[in-house]
Amino acid sequence: MKLPLIYFDNSATTVPCKETVESINFSLKNNWGNPSSTHKKGVDALVSLASAKETVASSIGCKAEEIIFTSCGTEANNLAIIGAAQSKKRQGNRIISTTIEHPSVLKALEFLESEGFEIIKLSPDNNGFVSPEKFKEVVNNNTILVSVMLVNNETGSIQNIPEIAKIVKANSSAVLHCDAVQGYGKLPIKTSVLGVDLLSASGHKIHASKGIGFLYKSKKVNLVPIMHGGGQENGLRSGTESMPLIEGFVSAIKVMPDINKQLNITSELFKYAKEKLRNTNLVKFNSPENCLPYILNISVEGYKAEPLLNAFSMQDIFLSKGSACAKGQRSYVLKECGLDNDRIDSALRISFSRYNTKEEIDIFIDTLINITNRLRRFK
Ligand code: PLP
């Protein structure tokens, strides 16, 4: 798909693919029944729901009954974290996570802290990596939940979830949750390989629409629901399932290119961008060497991010400072990675999708050179 603009903000959201748009339209027109209704219209919707769960489940190697549809990644994270903590509160009090999680995890943890849970947040090293060894020091038999993201949304750093899982399981009976919102569809994910009990993902990061996500919940784990009502999704997520958005999500999953092949293609694009950026002598790289190649965080030294972003936007080139959810605030993720304020204030996040090209990178870099030349005159 060729867009009439250069869109490098795919970690914030992606353009819906044509298959998603078509199936949402089709579903709104034809499959608008309520899956809980007993008549034919409802049964048709229920059949689509069951088939949607099969598709999602096979994309992460789990069972269909282990998938709960939610309205977004934020809701999946809240349900996982608050639901697991409430369910295990008689077995212990300690919850472990990291300081670089998405706000939908950090705020849920803050809420649990106000309810009396002990929250321990581990810091990353300068590469945004939280060593599994650090978990060894704090996981004990009072630990009921560990929540760690797979891919950081600002730097693309990847956590070693399988190793963390081994440590968690060897030292506690805690539930392991993984926020895989930025990794789903980009890295091969199998729940058994990761060793997680709960895993969150979101449709709008993989060319589906906003308003749909899912939580994988292992059959071995119990959650207390956070939404109360009609008891849909096995009582764990009340509210009539949004069949149009679910079907749109499924279509986006079905047309996802082979993950490893696309990872190689994106790595090439990433290397190309990095090399060209390095040659400008204008930037420092904030993403670590072995990050997810869909996210490249850079600092344009001596320039504040906002005027750069505005100037890019005027040329129909869209990227961001970092997390869309932390608009206007200095990045706590980059701070945690040890960067100074000047470097953080000049940070830009370039995030790719399968639709980006080398030609777009060439235009982006020429524009970066022009913008910095222009801004320099006003210094
Ligand atoms: N977790 C991470 C790592 C994210 O990057 C995001 C969104 O940017 C979310 C959770 C929240 O997902 P959603 O926008 O679907 O609520």
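Just follow the structure's listing: the first ligand is 1, and inside any ligand the first atom is 1. In what follows, residues are counted from 1 in the order of the sequence shown.
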Exercise. Ring centres of Phe214 and Tyr184 under 6.0 Å apart?
Worked result: yes
Exercise. Could a heavy atom of Ser104 be found less than 4.0 Å from some atom of ligand 1?
Worked result: yes
Exercise. Just heavy atoms, cut-off under 4.0 Å: does Thr74 contact ligand 1 by side chain, backbone, both, or neither?
Worked result: both
For this session: Determine yes or no for a side-chain-to-main-chain donor-acceptor pair under 3.5 angstrom, with Lys284 supplying the side chain and Ile298 the backbone.
Result: no
Exercise. Side chain, backbone, both or neither: which part of Cys72 comes within less than 4.0 Å of ligand 1 when only heavy atoms are counted?
Worked result: both
For this session: Can you establish whether the number of heavy atoms outside Tyr272 located under 6.0 Å from its atom OH is more than 12?
Result: yes
Exercise. Do any N or O atoms from the side chain of Ser37 and from the backbone of Gly42 form a donor-acceptor pair under 3.5 angstrom?
Worked result: no
For this session: Indicate yes or no: does Glu289 engage Lys274 in a salt bridge with an N to O separation below 4.0 Å.
Result: yes
Problem set entry | Part of Lys210 within contact of ligand 1 (heavy atoms, under 4.0 Å) | neither
Seminar exercise, completed: At under 4.0 Å between heavy atoms, what of Met149 touches ligand 1? The answer is side chain
Problem set entry | Short N-O contact, Lys134 and Glu137, less than 4.0 angstrom | no
Exercise. Which bit of Asn77 gets closer than 4.0 Å to ligand 1, counting heavy atoms only: side chain, backbone, both or neither?
Worked result: side chain
Exercise. For the hydrophobic clusters of this structure (ILVMFWY residues joined by side-chain heavy atoms under 4.5 Å, transitively), does one cluster hold both Ile82 and Val146?
Worked result: no
Exercise. Considering distance alone, does some N or O of Val151 sit under 3.5 Å from an N or O of ligand 1?
Worked result: no
Seminar exercise, completed: One finds that the ligand 1 atoms under 4.0 Å from a non-hydrogen atom of Ser202 are 13 (P), 15 (O)
Problem set entry | Part of His204 within contact of ligand 1 (heavy atoms, under 4.0 Å) | side chain
Exercise. Is Glu75 near ligand 1, meaning one of its heavy atoms is under 4.0 Å from it?
Worked result: no
Exercise. For ligand 1, which atoms sit closer than 4.0 Å to a heavy atom of Gln182?
Worked result: 3 (C), 4 (C), 5 (O), 8 (O)
Exercise. Any Lys/Arg nitrogen of Glu306 or Lys321 sitting under 4.0 Å from an Asp/Glu carboxylate oxygen of the other?
Worked result: yes
